[in-house]
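Atoms within a ligand are numbered from 1 in the order they appear, just like the ligands themselves.
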Amino acid sequence: MKAYRAAILRFADDRSAVYEEDGLLVVGPDARGQQVVRAVGAYASLAPDYAGVLVEHLPGRLIAPGFVDLHIHYPQTDVIGSPAPGLLPWLDNYTFPHESRFADHAYAAGVATVFLDELSRNGVTTALAFATSHPQSVDAFMELAQARGLRMTAGKVLQDSHSPDGVRDQTEQSLVDTEALIRKWHNRDRLGYAITPRFAPSCSQAQLRGAGELAARYPDVWIQSHVAENKDEIRWARELFPQSRSYLAIYDDFGLMRERSVYAHCIHFDDEDRALMRATGAAAAVSPTSNLFLGSGFFDYEGAQRVGFKFGLASDVGGGTSFSPFHTMLAAYYVGREGQTKPGVSLSPQDLWWQHTAGAAHALGLEGVVGNLQRGCEADFVILNPGAMPLLSRKVAHAASLDELLFSYIVLGDDRVVERTMIAAR
Ligand code: GUN
Ligand code: ZN
């Protein structure tokens, strides 16, 4: 066992933040040998019980749960910052040509290495990631994530329609490949597999039907896709699937909405869509930097909270502009205030932080596993040092409440603040 003494942030079951000014985090193996949180609380009350354990004292630091990114494309690491009038030309002009290179395992492994380094530098310890349509792109990612001991979930993109040569797959083969990848990677160490139809317009009915059948056969794998991001995209999806009530309902009609299904964006919803999210247990991956960059629109926090479906935060790199959870939380704050048909929701810093840690874990069905520092959670955490940024250092010294403290990090913070990212206590 080993212990860390510093300020500690975690979340209670009711989503409220629990903050220990002078805390102790004790980590060590559980009965299965997995590194977990063995104890957490005030230093003064816990220290006597762990007198024999080595304590690393980290004055001025904040220990917090590793961040969870609910939606990200590892092959788009080098697509960040590609300007386009909107989603569809962005896909055609930058994303598809770029993703075609991931047929090459060595190329994919090179990008996956940079991607995993970036996640760690930014304090992200778990992600739900898209690969590309090439099975090799999944293998490259999983091999590297496994070697690093990460809890990661990813999947081969399904796109047999309206997609150019180089990324388009074949219906039958895509489903055979998906099943083989599930068997190879799902639940191997800390890895998970996600069935990954890119979005309804890129999939034939047969491919969506096959994806739904696989989802039924493997009930604990994840499902991930995109929905209701962009008005042109929505019009196109409705034309292609006129029998479905809405764009979102296409996925439900093919058996692709349930617990452990995560839909990116979910911007242009009506209340029936929101009710469908709630009824099925599906979750939204809110991706504010992407939505602002591509001009897609604004996630309706008021509607989501009123109807009550699950959501959490995501970078959506490379539509998104940053790997940094601080940048994503700040963008979510702007979106919560602005761009709504009704008065904006003012998201508290505690809400925002929850949405990128315990809330995102909840959306994945991984509450109590990652995204928090309660007893028994896996020992993935960040050590933040505000002293790495002069302005943040001043601001934190003036913070008179937990909200002020967390807001300082959200508004001013970036990867410089992340002094160490701990994966399974290492
Ligand atoms: N819709 C279909 N594919 C994509 C993608 O790669 N990024 C985003 N943001 N939306 C999509
Ligand atoms: Zn995306």
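When heavy-atom distances to ligand 1 are checked against a 4.0 Å cut-off, H265 comes that close only through its side chain, counted from C-beta outward. With a 4.0 Å heavy-atom cut-off, ligand 1 is reached by no atom of F293.
Looking only at atom types and distance, the side chain of D316 has a donor-acceptor partner in the side chain of S290 under 3.5 Å away. Side-chain atoms of S16 and D14 include a donor-acceptor pair closer than 3.5 Å. Between the side chains of S324 and D414, not a single donor N or O lies within less than 3.5 Å of an accepting N or O.
Between W90 and ligand 1, a contact under 3.5 Å exists for no N or O pair. Of the polar atoms of D316, at least one N or O is found under 3.5 Å from an N or O of ligand 1, judged by distance alone.
Residues P288 and F299 form no side-chain contact, since every pair of their non-hydrogen atoms from C-beta on lies 4.5 Å or further apart. Contact check for W222 versus H186: side-chain heavy atoms found under the 4.5 Å cut-off.
For a distance bound of 2.8 Å, the N, O or S atoms of H73 include one lying that close to the Zn ion (ligand 2).
Between F130 and ligand 1 there is no heavy-atom distance shorter than 4.0 Å. Heavy-atom separations between E233 and ligand 1 are all 4.0 Å or longer.
Smallest separation of non-hydrogen atoms from A127 and I72: CB-CG2, 3.9 Å. When all heavy atoms of W90 and S82 are compared, the pair lying nearest together is CD1-O, 3.2 Å.
Below 4.0 Å from some heavy atom of L87 lie the following atoms of ligand 1, by number and element: 8 (C), 10 (N), 11 (C).
The aromatic ring centroids of F67 and F323 lie 6.0 Å or more from each other.
Protein heavy atom nearest atom 10 (N) of ligand 1, with residue, atom name and distance: E229 OE1, 2.7 Å. Counting protein heavy atoms only, atom 4 (C) of ligand 1 is closest to H226 CE1, 3.4 Å. Nearest protein neighbour of atom 3 (N) of ligand 1, counting heavy atoms only, is R198 NE, 2.9 Å.
Taking the N/O/S atoms of H226 in turn, the shortest distance to the Zn ion (ligand 2) belongs to NE2.
Computed with the Zn ion (ligand 2) at the centre, the D316 OD1 to H71 NE2 angle is 90°, stated to 10 degrees.
Residue Q207 forms a side-chain hydrogen bond (donor to acceptor under 3.5 Å, both in side chains) with just one option from T171, T178, D169, and that option is D169.
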